[in-house]
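Residue numbering restarts at 1 for every chain, and letters A, B, ... go by the order of the sequence lines. The figures here come from the full heavy-atom set of this structure, side chains too, leaving out hydrogens, waters and symmetry mates. This is a predicted model, so every value here is computed, not measured.
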Amino acid sequence: MQERYEPSAVEADAQHYWDEQRCFEATEDPARDKYYCLSMFPYPSGRLHMGHVRNYTIGDVLSRFMRMNGKNVLQPMGWDAFGLPAENAAMANGVPPAKWTFDNIAHMKTQLKSLGFALDWSRELTTCDPKYYRWNQWLFLRMLEKGIAYQKTGVVNWDPVDKTVLANEQVIDGRGWRTGALVEKREIPMYYLKITAYAEDLLRALDGMQGWPERVRTMQANWIGKSQGVRIGFPYDAGSLKGVMHAFTTRPDTIMGVTFCAVAAEHPLAAHAARANPALAAFIEECKRGPAIEAELATQEKKGMPTGLAVRHPITQDAVPVWVGNYVLMSYGEGAVMGVPAHDERDFEFAKKYHLPISPVIEVPGRAYSLDAWAPWYADHGRCINSGPYDGLEFDAALDAIAADLGKLGLGEKQTTWRLRDWGISRQRYWGCPIPVVHCASCGTVPVRDADLPVLLPDDLVPDGSGNPLLKDEKFLVTSCPGCGGAARRETDTMDTFVDSSWYFLRFACSDNGQAMLDERVRYWLPVDQYIGGIEHAILHLLYARFWTRVVNELGAVGFREPFANLFTQGMVLNEVFFRKPDAGRIEYFNPADVEIRVDKDTAQRVAVLRADGTEVESGGVVTMSKSKNNGVDPQALVDEFGADTARLFTMFAAPPEQTLEWSDEGVQGAYRFIKRLWKAVHEHVASGPADPLDKGSLNDAQRALRRQAHQTLAKVTDDIGRRRTFNTAIASVMELLNSVAKYPQSSAPDRSVIQEALDIAVLALSPIVPHVTHALWRELGHTTALIDEPWMSVDAAALQTSTIELVVQVNGKLRARICVAADADDGAAREAALADPNVRKFVGAAAVRKVIVVPGKLVNVVV
RNA sequence: GCCCGGAUGGCGGAACUGGUAGACGCGCCGGACUCAAAAUCCGGUGGUGGUGACACCGUGUGGGUUCGAUUCCCUCUCCGGGCACCA
């Protein structure tokens, strides 16, 4: 055996063995339990970053662990290859997005291979490949047929200088990121998918999804946002415009406290009032120009303007003034809200600002209302007061009574509303899957025939920032109408890239099928047993995938409605961002590797300086590693210097995988050192020749103690990987075992047998995490089989037994002594032993013992 | 702003079901080996007081429940993720 650990040779050898044996090519075998382990596929941004390494190492550890536990494991990999960054790169370098994307894929695939992941590359798929995206188009046509896909107008960000639609990410402080022009909103026709039709099902199914983290289920439930309340009609007669304004409320019990109503800028009443009121028209224009992003909308100053119109309160018949509010959304409910300042914080602030009356109508026992300042309890449920016929009613009774009265008047009924909106999938962008419809002068919008799929996206265009290049590509545009055969033009909008990622996990079962989207192999492999990905996908991607699976289920292609049986959400890997924001033009981001932090000795001020030019850069805090913020850390340097095993070990040891991790490579040396120590321990052991078979019956105390620790370690690692998914503590326990082995006096034959077993366990237990070095060490330890095919060891229960245990003794909850008792000692014996301890006696002193609490096997607490 | 998380030594973290706070690792300090350095090995390492055995304090803030709280409840602060066209 070689004395020195040389990762490059060891890793090349192990990877060569796995490739040659085709260890990771999965085949369907109904006789065996399958385990489909899937990590979220990457966007091919150029290079892997530590977030990828973390994600794929978690998946790899679980895959290898399950494989050793007898499962037929499938772990595939693919590329989420459509999207905006390729267009940006194209603009910057003049290279077509296709070339840039495929070059990136080639490089990142090399990187993934160098990390030794147990991936089945025979199933690799790429979403920008027509063999993949034709099925997006095929399923879209099915959705059109079923009415799940439909057209309506939607609002987009419009850059008036570049004459192009901008993504939210490309709008910075309301301006286009390249031009700096004030962004306008435009309403254009788009395709939507009716995810809201599945809202109830998507919500209800969450309860049964015990394999998903609680926090993700909560986030999805809140996102879907079911609320039950009453739809209330406020009739109006504004001269030429008569009708009923509808507002939804979850607090119908406060209806007698309505002192105003507010409508969205797009509401018909607002438009009507604006005709005779230029100031109002200007305000409405201002609202319409405002942010389209919810976060900005919610933080902007709440503004309003009276319309001069009034609606009639459906119960009191009083006139209620109507305002236009910049915080009222046309897209939620019906674009109007009833204002109850006394019991809604936002309405309260609005009323204070514009001097509208505040009229309390709910009483909470023991509380006194003050009109001066808001208090959170004002929004609590209570008993109706100042509410005429409803006085004295509690929330539920008031709701029923008011809904019934409104029903009789034809001005309201109970209603359920959802926060969830339909999914707009049209993108005015080149690098995406073409929407398979054509526009014909005589037939209108016509779906492409199945036989004419796929609608191929040209792969040689270079966007220049001035809109979708498909609009200028006659070869793509010109076609004939599937209906009348006449001249027609293709749709140039492409699909949201979330469409691509909403079903790729199904396609891995049969990525080679050119005739159908899915086939019978899906029945064997799906649902995914373990899905692993970043918490940032907790809502959108995972919800869309659940929706898509339901649609495919209803087409009969799969027999289930939930795609992911178990979900593991890894924490983000964060790094600081550095940037410069010029007066004009784009923000420039600098990689932290190129930035030096200087700390002023006197002021302790931290200054970040770009190494290249020695001048200052701004820090934007610590955020997720991403291409767009240029704060990713390339793992390649780590792999090159220390090897893949060290990179994997370090990433897994740094923190529990579910937790956010602020990147730092301090400690990499420790991971490398540990592998070297393991190598050395095996080398020293093997140097004195083979060990005798273990004779369990004739061991001395020291030998039994080491054996106990070895099997405790095995039990802990098995539990930590298999159940807890805390790989950091699994590694720590093997480190402890190795520390004991290193200290163990290696002399007699039985000593060597016990050490052999301990090293076998250490190597096997670590193999899912550091598969290369353990592959080599397993052979060196004298085994003739390959470790990858070795079954996971079982714990020897007899090895764990002990005759005495240590108990902790507390006096009034403070640790005062440790005592040793027989393992089978009862509570009384433990109590006696505890009270007899000298230090315990000292702290008890003359005081009377009031109570003694004994926790069997753990502690005794003496209360005085 | 709203929804979901998080905060423990100089640093990453451990303590799994309310029961020994700081496992394991990094860093640092001291020592061995070396002409020297690196690598490696041995020992120490939360703070304060004490020669010492020990004692007191200590898990973001303030409060509560309990024999006992890093763990449960309430309050606040700060940090991260998401907010529908980044993926």
Sugar-phosphate only, base, or nothing, as touched by A/Trp223 at under 4.0 Å among non-hydrogen atoms: base
Proximity of A/Phe650 and A/Phe642 rings by center, below 6.0 Å: no
Sugar-phosphate, base or nothing in reach of A/His541, heavy atoms under 4.0 Å: nothing
Sugar-phosphate only, base, or nothing, as touched by A/Leu540 at under 4.0 Å among non-hydrogen atoms: base
Sugar-phosphate, base or nothing in reach of A/Lys627, heavy atoms under 4.0 Å: nothing
Touch class at under 4.0 angstrom, heavy-atom based, for A/Leu297 against every strand present: nothing
Side-chain N,O (A/Arg421) to OP1/OP2 (B/A84) below 4.0 Å: no
Touch class at under 4.0 angstrom, heavy-atom based, for A/Thr624 against every strand present: sugar-phosphate
Touch class at under 4.0 angstrom, heavy-atom based, for A/Pro42 against every strand present: nothing
Watson-Crick or G-U wobble partner of B/C85, both distances under 3.5 Å: none
Sugar-phosphate only, base, or nothing, as touched by A/Arg723 at under 4.0 Å among non-hydrogen atoms: base
Touch class at under 4.0 angstrom, heavy-atom based, for A/Lys302 against every strand present: nothing
Residue-phosphate contact under 4.0 Å: A/Asn222 side-chain N/O, B/G82 OP1/OP2: no
Ring centre gap for A/Tyr504 and A/Trp79 strictly below 6.0 Å: no
Watson-Crick or G-U wobble mate for B/U70, both contacts under 3.5 Å: none
Sugar-phosphate, base or nothing in reach of A/Asn728, heavy atoms under 4.0 Å: sugar-phosphate
Sugar-phosphate, base or nothing in reach of A/Gln810, heavy atoms under 4.0 Å: base
Side chain of A/Pro656 (C-beta onward), nearest among B/A14, B/G43, B/C24: B/A14
Separation of B/A14 P from A/Asp720 CG (nearest whole Å): 11 Å
A/Phe674 ring center within less than 6.0 Å of A/Phe653 ring center: no
Sugar-phosphate, base or nothing in reach of A/Thr497, heavy atoms under 4.0 Å: sugar-phosphate
Carboxylate-amine/guanidinium contact A/Glu294 A/Arg419, below 4.0 Å: yes
Heavy-atom side-chain contact between A/Thr417 and A/Tyr332 under 4.5 Å: yes
Upstream residue (5' side of RNA chain B) when A/Val156 and A/Gln669 are each assigned their closest nucleotide: A/Gln669
B/C67 base / A/Asn861 side chain donor-acceptor hit below 3.5 Å: yes
Counter-base of B/A37, judged by Watson-Crick or G-U geometry with both distances under 3.5 Å: none
Touch class at under 4.0 angstrom, heavy-atom based, for A/Phe674 against every strand present: nothing
Under-4.0 Å salt bridge between A/Glu214 and A/Arg217: yes
Provide a list of protein-nucleic acid N or O atom pairs under 3.5 angstrom, restricted to nucleotides 55-66 of chain B.
| unit_1 | atom_1 | unit_2 | atom_2 | d |
| --- | --- | --- | --- | --- |
| B/C56 | OP1 | A/Arg816 | NH2 | 3.2 |
| B/C56 | OP2 | A/Arg816 | NH1 | 3.1 |
| B/C57 | OP2 | A/Lys814 | NZ | 2.7 |

Heavy-atom side-chain proximity of A/Trp423 to A/Phe547 below 4.5 angstrom: yes
Quiz item: A/Gln428 side-chain donor-acceptor pair to B/C85 base, under 3.5 Å: yes
Sugar-phosphate only, base, or nothing, as touched by A/Val852 at under 4.0 Å among non-hydrogen atoms: nothing
B/U8 and B/U70, which share atom name C1', separated by this distance in whole Å: 7 Å
Salt bridge (Lys or Arg N to Asp or Glu O under 4.0 Å) between A/Arg427 and A/Asp496, worked out: CA-CA 6 Å; A/Arg427 297 291 179 271; A/Asp496 180 2; 3.1 Å; yes
